[in-house]
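Presented below is the structure to which this report refers.
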There are 2 protein chains.
Amino acid sequence: MIQVYIHPPYERWNSISNRNLQNISHIKNLVTPIINDVKKYGDVALKNYTKKYDHVDIKHIQVTEEDFNKADMKISDHLKKSIETAYQNIKCFHQKQMHKENPIEVSKGVFCWRKIIPIEKIGFYIPGGSAPLFSTVLMLGIPGKLSGCKNIILCSPPNKNGEIHPAILYTAKYVGITQIYKVGGAQAIAAMAYGTKSIPSVYKIFGPGNSYVTISKQIVSQKGIVSIDIPAGPSEVVIMADDSANPEFVASDLLSQSEHDPESYILLVTPNNQFWIKKLKKELRKQFLNFDKKKDIIEESLKKSKIIVLSSLDECLNLVNQVAPEHLIINCKNSFYWSEKVINAGSVFLGNYSPVSAGDYASGTNHVLPTYGYAKSYSGLSMDSFVKKITFQKISKKGLKHLSKCINILSSEEGLFAHKKSINIRLKN
Amino acid sequence: MIQVYIHPPYERWNSISNRNLQNISHIKNLVTPIINDVKKYGDVALKNYTKKYDHVDIKHIQVTEEDFNKADMKISDHLKKSIETAYQNIKCFHQKQMHKENPIEVSKGVFCWRKIIPIEKIGFYIPGGSAPLFSTVLMLGIPGKLSGCKNIILCSPPNKNGEIHPAILYTAKYVGITQIYKVGGAQAIAAMAYGTKSIPSVYKIFGPGNSYVTISKQIVSQKGIVSIDIPAGPSEVVIMADDSANPEFVASDLLSQSEHDPESYILLVTPNNQFWIKKLKKELRKQFLNFDKKKDIIEESLKKSKIIVLSSLDECLNLVNQVAPEHLIINCKNSFYWSEKVINAGSVFLGNYSPVSAGDYASGTNHVLPTYGYAKSYSGLSMDSFVKKITFQKISKKGLKHLSKCINILSSEEGLFAHKKSINIRLKN
């Protein structure tokens, strides 16, 4: 059920560890007319597509106070308490991420500074359906609110009764988001990009979704002035394990990743011997048989998953940095030592007791992370994602005089004489 | 030569201050085959396109030690000294932008932290031609080097003699970039995205360029794992002036912006009276007549530029935040007071003695800034642009036990039972 590669030559690492490239052109063709319709017909288009894809007639697109109250009654106290715990931890980790900077006198009379300013209008997309990702509401909403964004809206598809999952509504209200709309898919993304009568347009769209949502986000980000958080793909884990790793735990981490999506990317790299691998595979089978839910998804994604046995942890780490996984578990004796060598990954989990599930829900780190190798150049979501940093400068006449020779020479060399003039005209008296 | 709108009603603000939307589909059609050719044929395609567009046969794509030496000899001591001054100021402002964060014990036994890690491989594009933007080499190279990026390459188109402008070569070497390639346009962007025999592929591409370069950057960023700095468009300035602003200085700032590009976006918003406007227009004409270079470009772009007279500085600032200009000059008595109200802009210049030229070259701030309204959600280039921030966590068995109830309840509610299992299997003994 999992493929094993023993000591493949370096030249083959890339092809073995490669991700499946999704063919997106048919999805592009499918979502483009939806986006155009929403731009043109607004709410009417939203209602039509909601009928078509979510099979429900929506009268009021916006969630009402009554909807919130109903949701509140459906949420158990246990669940409320757990949401609060996760909230506190995520808040604790994120609130230390903003660093105020003081003005700098770069040279005499030349003051420069950066100011952190929250993005004015942002929109969240939260998938609905079988797995209502209210944990993502926490991951987007907490840093969004902490950073001071004033206008936050949220779209999520309704079920057949025209309702958004109560845990999504409860969590949204808990973090302070009350402008919520019952719209999903490409139509929701288009609405947040262009605005409709009911749904205001935003400057940045956040949140995960299936490939229709992801590609719609890409399309609107290329067309207008809306930007998006991270290019998202199927979830990924790479586990780097030595013989200190408990095969039972490692198997549970592989399975945990596999239930997300048949397209999940799952890779174990290890210098361990055949005996350990055998134990792991046995454990994997055993745990798999114990599941009674999502078995099809798990089986499908485990089939594509791989174990690559290499000759040392150094080699394993080399491969890890080439793959640049969304999640990396370093289940090794000296996990901290190895973690210091990681240069490409979204989020890293150290040791036998740091499963990805902890970061998915409650340890405090953000679970919106770069996939598909984007960890080579992108960070996961953080407070940075919700703000802009604007630079300011105030220069005195003396300060400008001091800079003027330098600017004169550089601008002349670049052939920009009006630039030079704008300096000298200020200093002629 | 500049259009004046006196007290237009609010409903018209948007249409008056709108940017011209470029039609990019023909450019897309033009650059796509170039990109595909470079991906397929590598260096051969690079050489062919260099012959076609730069009219020169390039034997060695990479700049040699000899090329650097030749360039060094062509640069005057004055210019070298000015590059050094700018270098020091830009370094001074950027090096304070990285903030190390300590690990946080989110709850007992749950340690989380973020680490700043430079992007491993980056590529710069520097336009050549009539305006060799060696100042941009400083703006990209200084934060790139400071942030610790190990592999930095630079592409710039050769002139008809097969040479890159000596100031670009000199500045690149000065900041520590020595892997330089004589390639421009779409072909350079494709080479950095896909790699050729001569040019290694990179993870992120930076730098300005004409619309061919900009659209090529967008195309490759959608196709592979390469990312790009900022979507770039023609340069922009909005000037907000009250009657303390010297019309002579304001005119020089308008002209300074206009020489960049016939498509430059230039707007003056002011509550000033007709008398001041008249003085400004007179000054603009006078200064324009004094130029002997780039007159066509200046005239073309001034024709499209606008003055909007509004009833108060509050109204002006409202419009500024709607436009979200790349550069904003606040040439007002209480410039600091007004600057505190800015929420959408790339870089802000305060008072009578802070022209944009200062920030373009030497005050220390970065001149690579978001245009086309992207300042609503994007920041200009900074140290942040050259790094990723990876999150790490190390949890003890006790720490995980403490989180387990919360994770169990949340993951069950999301229907992710293997996630729950990965926690409980670790705690069963």
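Letters A, B, ... mirror the listed sequences (proteins, then strands); counts begin at 1.
Interface residue B:Glu248: backbone and side-chain heavy atoms are both found under 4.5 Å from chain A. Neither the backbone nor the side chain of B:Ala324 comes within less than 4.5 Å of any heavy atom in chain A. Residue B:Ile117 touches chain A through its side chain alone, counting heavy-atom pairs closer than 4.5 Å. Of the two parts of A:Lys115, only the side chain, counted from C-beta on, holds a non-hydrogen atom closer than 4.5 Å to a non-hydrogen atom of chain B. If you measure heavy-atom distances from A:Lys398 to chain B, you find no contacts under 4.5 Å at all. Using a 4.5 Å cut-off between heavy atoms, B:Lys428 touches chain A through its side chain atoms alone. Proximity to chain B (any heavy atom under 4.5 Å) is restricted, for A:Ser396, to the backbone atoms N, CA, C and O. For a residue to count as touching a neighbouring chain, one of its non-hydrogen atoms must lie under 4.5 Å from one of that chain's; by this rule B:Ile104 touches chain A with the side chain only. In this structure, chain B has a heavy atom under 4.5 Å from the side chain of A:Phe291, while its backbone stays farther away. For a residue to count as touching a neighbouring chain, one of its non-hydrogen atoms must lie under 4.5 Å from one of that chain's; by this rule A:Thr171 does not touch chain B. Residue contact with chain B, scored on non-hydrogen atoms closer than 4.5 Å, involves the backbone of A:Val226 exclusively. B:Ser335 touches chain A through its side chain: at least one heavy atom from C-beta onward sits under 4.5 Å away, while N, CA, C and O do not. Contacts of A:Asp360 with chain B are made by side-chain atoms alone, with heavy-atom separations under 4.5 Å and no backbone atom involved. Heavy atoms closer than 4.5 Å to chain B are found in the side chain of A:Val110, but not in its backbone. Contacts of A:Ser258 with chain B are absent, with no heavy-atom separation under 4.5 Å from either backbone or side chain. Residue contact with chain B, scored on non-hydrogen atoms closer than 4.5 Å, is absent for A:Phe386.
For the pair B:Ile330 and B:Phe349, the minimum side-chain heavy-atom distance is 4.5 Å or more. Side chains of B:Asp229 and B:Ser385 form no contact here, defined as non-hydrogen atoms less than 4.5 Å apart. Contact of the A:Leu133 side chain with the B:Glu414 side chain is registered, since non-hydrogen atoms from C-beta on lie closer than 4.5 Å. B:Ile423 places a side-chain heavy atom less than 4.5 Å from the side chain of A:Pro355.
With chain A as the partner, the residue from B:Asn408, B:Val342, B:Leu410 showing the most heavy-atom pairs under 4.5 Å is B:Leu410. Between chain B and the residues A:Ser382, A:Ala362, A:Ser379, A:Gly399, the largest count of heavy-atom pairs under 4.5 Å involves A:Ser379. Of all the listed residues (A:His402, A:Gln218, A:Gln287), the one sharing the greatest number of non-hydrogen pairs under 4.5 Å with chain B is A:Gln287. For the set A:Thr85, A:Asp384, A:Ile90, the count of heavy-atom pairs under 4.5 angstrom toward chain B peaks at A:Asp384. Counting heavy-atom pairs closer than 4.5 Å to chain A, the top residue among B:Val387, B:Ile83, B:Asn352 is B:Asn352. Taking chain A as the reference chain and counting heavy-atom pairs below 4.5 Å, the highest number among B:Lys420, B:Lys204, B:Lys293 is found for B:Lys293. Note on B:Gly373, B:Gly346, B:Ala251: by heavy-atom pairs under 4.5 Å with chain A, the leading option is B:Gly346. When A:Asn321, A:Asn344, A:Asn246 are compared by the number of non-hydrogen pairs under 4.5 Å with chain B, A:Asn344 comes out ahead. Among the candidates B:His165, B:Lys401, B:Gln88, B:Gln97, the residue making the largest number of heavy-atom pairs closer than 4.5 Å to chain A is B:Gln97. Heavy-atom pairs under 4.5 Å with chain A peak, among B:Ala167, B:Ser411, B:Ser107, B:Gly364, at B:Ser411. Annotation: maximal heavy-atom pairing with chain B below 4.5 Å, among A:Lys121, A:Lys397, A:Lys405, occurs at A:Lys397. Note: A:Cys112 leads A:Cys112, A:Pro231, A:Cys92, A:Gly359 in heavy-atom pairs under 4.5 Å with chain B.
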- Could you check A:Ser252 against B:Arg426 for side chain to side chain contact (heavy atoms under 4.5 Å, CB included), going step by step and ending with a plain yes or no? CA-CA 9 Å; A:Ser252 79; B:Arg426 286 168 153 94; 3.5 Å; yes
- Could you go step by step and tell me if B:Glu120 and B:Tyr203 meet the side chain to side chain contact (heavy atoms under 4.5 Å, CB included) rule? CA-CA 7 Å; B:Glu120 218 184 333; B:Tyr203 299 152; 3.5 Å; yes
- Item | Worked verdict on B:Phe249 versus B:Tyr353 for ring pair (Phe, Tyr, Trp, His ring centres under 6.0 Å) | CA-CA 9 Å; B:Phe249 301 176; B:Tyr353 293 95; 5.7 Å; yes
- side chain to side chain contact (heavy atoms under 4.5 Å, CB included) between B:Lys80 and B:Glu84: does it pass, once the steps are laid out? CA-CA 6 Å; B:Lys80 285 182 183 173; B:Glu84 195 192 326; over 6 Å; no
- Message: B:Ser354 vs A:Gln393, test: side-chain hydrogen bond (donor to acceptor under 3.5 Å, both in side chains). Steps then yes/no.
- Response: CA-CA 7 Å; B:Ser354 308; A:Gln393 60 202 285; over 6 Å; no
- Take A:Arg114 and A:Glu101, measure what salt bridge (charged side-chain N to carboxylate O under 4.0 Å, His left out) needs, and give me the verdict at the end. CA-CA 7 Å; A:Arg114 282 207 302 179; A:Glu101 292 168 4; 2.8 Å; yes
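Cation-pi geometry between A:Lys388 and B:Tyr378 is not satisfied (NZ or CZ under 6.0 Å from the ring centre, within 45° of the ring normal).
No salt bridge links A:Lys421 with B:Asp253; every basic N to acidic carboxylate O contact stays at or beyond 4.0 Å.
Taking the six-membered ring where the residue is Trp, B:His260 and A:His419 present perpendicular rings, their angle passing 60° and hence far from 30°.
With sequence neighbours excluded, no residue satisfies salt bridge (charged side-chain N to carboxylate O under 4.0 Å, His left out) with A:Glu105.
Between B:Ile119 and A:Ser377 the shortest heavy-atom distance is CD1-O, 3.8 Å.
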